[in-house]
2 protein chains.
Amino acid sequence: MKTKTKDDYAAQASVIKAMAHPTRLLILNSLKKREICVCELRDLVGDDMSTVSKHLSLLKNAGLVAARREGNWLHYRLLRPCVLKFADCVAGLKD
Amino acid sequence: MKTKTKDDYAAQASVIKAMAHPTRLLILNSLKKREICVCELRDLVGDDMSTVSKHLSLLKNAGLVAARREGNWLHYRLLRPCVLKFADCVAGLKD
DNA sequence: CATATGATTGGCTATTTGGCAAAATAGTAA
DNA sequence: TTACTATTTTGCCAAATAGCCAATCATATG
């Protein structure tokens with residue numbers, strides 16, 4: 001295993017940063033089982049749709065989710081389920 | 001498994017946010033094998049000691065590290081090695 | 001006591017972020 | 001085309017963040 005460079009850590013941090021928000025964790029968890037359209041995510045989250053859309057594009061840029069269009073609807077799906085394990089590991093810290 | 005609440009996600013996000021910085025990832029990784037004093041971490045990181053100290057107190061508040069004093073030196077150690085697995089999972093995303 | 005060393009805290013500035021609302025875009029349907 | 005729906009983008013602003021420097025704290029030693 002080679003030593004990690006500053007760039008490695010920066011890349012890692014940018015992905016982690018994408019997850020570092022309650023709403024985005026909720027979104028990622030909701031996408032665990034099935035793909036969901038933005039309007040349904042808006043209802044789940046309870047924020048303005050534009051806000052949810054911003055969170056989604058942030059997650060998309062991080063490579064964590066992708067979208068599939070079906071008529072007017074964009075269905076988002078989780079690309080990297082492994083990040084939820086990470087999130088669960090963090091959730092277990094309270095012990 | 002019960003449904004996660006907003007508070008659950010907020011707590012989780014605050015820990016993840018603590019990790020979401022290149023310098024802090026470097027620090028956490030450096031502490032994987034052994035405890036390290038602040039002055040050595042400063043050399044590893046290359047930033048001002050006050051900056052490193054702030055990163056450390058942030059990690060401490062998140063419950064990820066703890067310090068042990070030995071004379072003038074404060075030795076930090078990793079409390080939650082599991083978070084590094086998470087970080088490695090994220091690092092593997094580039095495939 | 002004074003001084004030196006390691007570490008933290010406070011102050012400051014520049015940058016980033018999250019949220020809403022309005023405007024713009026993409027697709028559907030008449 | 002027009003109208004309608006779903007989504008994204010832009011603009012704006014308040015709040016949080018990162019970094020350095022200076023000041024302060026904590027401990028050790030003369």
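These numbers come from the heavy atoms of this one structure, side chains and all, not from hydrogens, waters or symmetry mates. Every value quoted in this text rests on a predicted model; they were computed, and no experiment measured them. Numbers restart at 1 for each chain; the letters A, B, ... are given by sequence-line order, proteins then strands.
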Identify each atom pair where a protein N or O and an N or O of nucleotides 6-13 of chain D are less than 3.5 Å apart, giving names and distance.
from, atom 1, to, atom 2, distance (Å)
D/dA6, O3', A/Asn72, O, 3.3
D/dT7, OP1, A/Val38, N, 3.3
D/dT7, OP1, A/Leu74, N, 3.2
D/dT7, OP2, A/Cys39, N, 2.9
D/dT8, OP1, A/Tyr76, OH, 2.4
D/dT8, OP2, A/Ser53, OG, 2.8
D/dT8, O5', A/Ser53, OG, 3.2
D/dG11, O6, A/Lys54, NZ, 2.9

Could you tell me the separation between the CZ atom of B/Arg42 and the P atom of D/dC21, rounded to a whole number of Å?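 Going from CZ in B/Arg42 over to P in D/dC21 covers 13 Å.
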
Rounded to whole angstroms, how far apart are CE on B/Met19 and C1' on D/dT17? 18 Å

Can you list, pair by pair, the side-chain donor-acceptor contacts under 3.5 Å of residues 11-19 of chain B, counting residues two or more places apart and other chains?
from, atom 1, to, atom 2, distance (Å)
B/Gln12, NE2, A/Ala87, O, 2.9
B/Ser14, OG, B/Ala11, O, 2.8

Among residues at least two apart in sequence or on other chains, which ones pass side-chain hydrogen bond (donor to acceptor under 3.5 Å, both in side chains) with [X]?
X: A/Ser50; result: A/Asp48
X: B/Thr51; result: none
X: B/Arg68; result: B/Glu35, B/Glu70
X: A/Asp43; result: none

Reading DNA chain C from 5' to 3', where do the contacts with chain A start and stop? Cut-off is 4.0 Å to heavy atoms.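 Result: C/dT17 to C/dT28.
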
By side chain to side chain contact (heavy atoms under 4.5 Å, CB included), which residues pair with [X], not counting sequence neighbours?
X: A/Ala67; answer: A/Leu74, A/Tyr76
X: A/Leu41; answer: A/Ile27, A/Ser30, A/Ile36, A/Leu44, A/Val52, A/Leu56
X: B/Asn72; answer: none

All pairs passing ring-ring contact (aromatic ring centres under 6.0 Å, His included) where residues 16-71 of chain A contributes a residue, at least two apart: A/His21-A/His55

Under 4.0 Å between any heavy atoms, over every strand shown, what does B/Arg24 touch: base, sugar-phosphate, or nothing? Just pick one.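 Sugar-phosphate only.
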
Greater than 12 external heavy atoms within 6.0 Å of B/Lys6's NZ: yes

Please list every stem that involves DNA chain C, where a stem is a run of 3 or more consecutive Watson-Crick or G-U wobble pairs with both pairing distances under 3.5 Å.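 Listed by first number, the stems are C:1-30 with D:1-30.
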
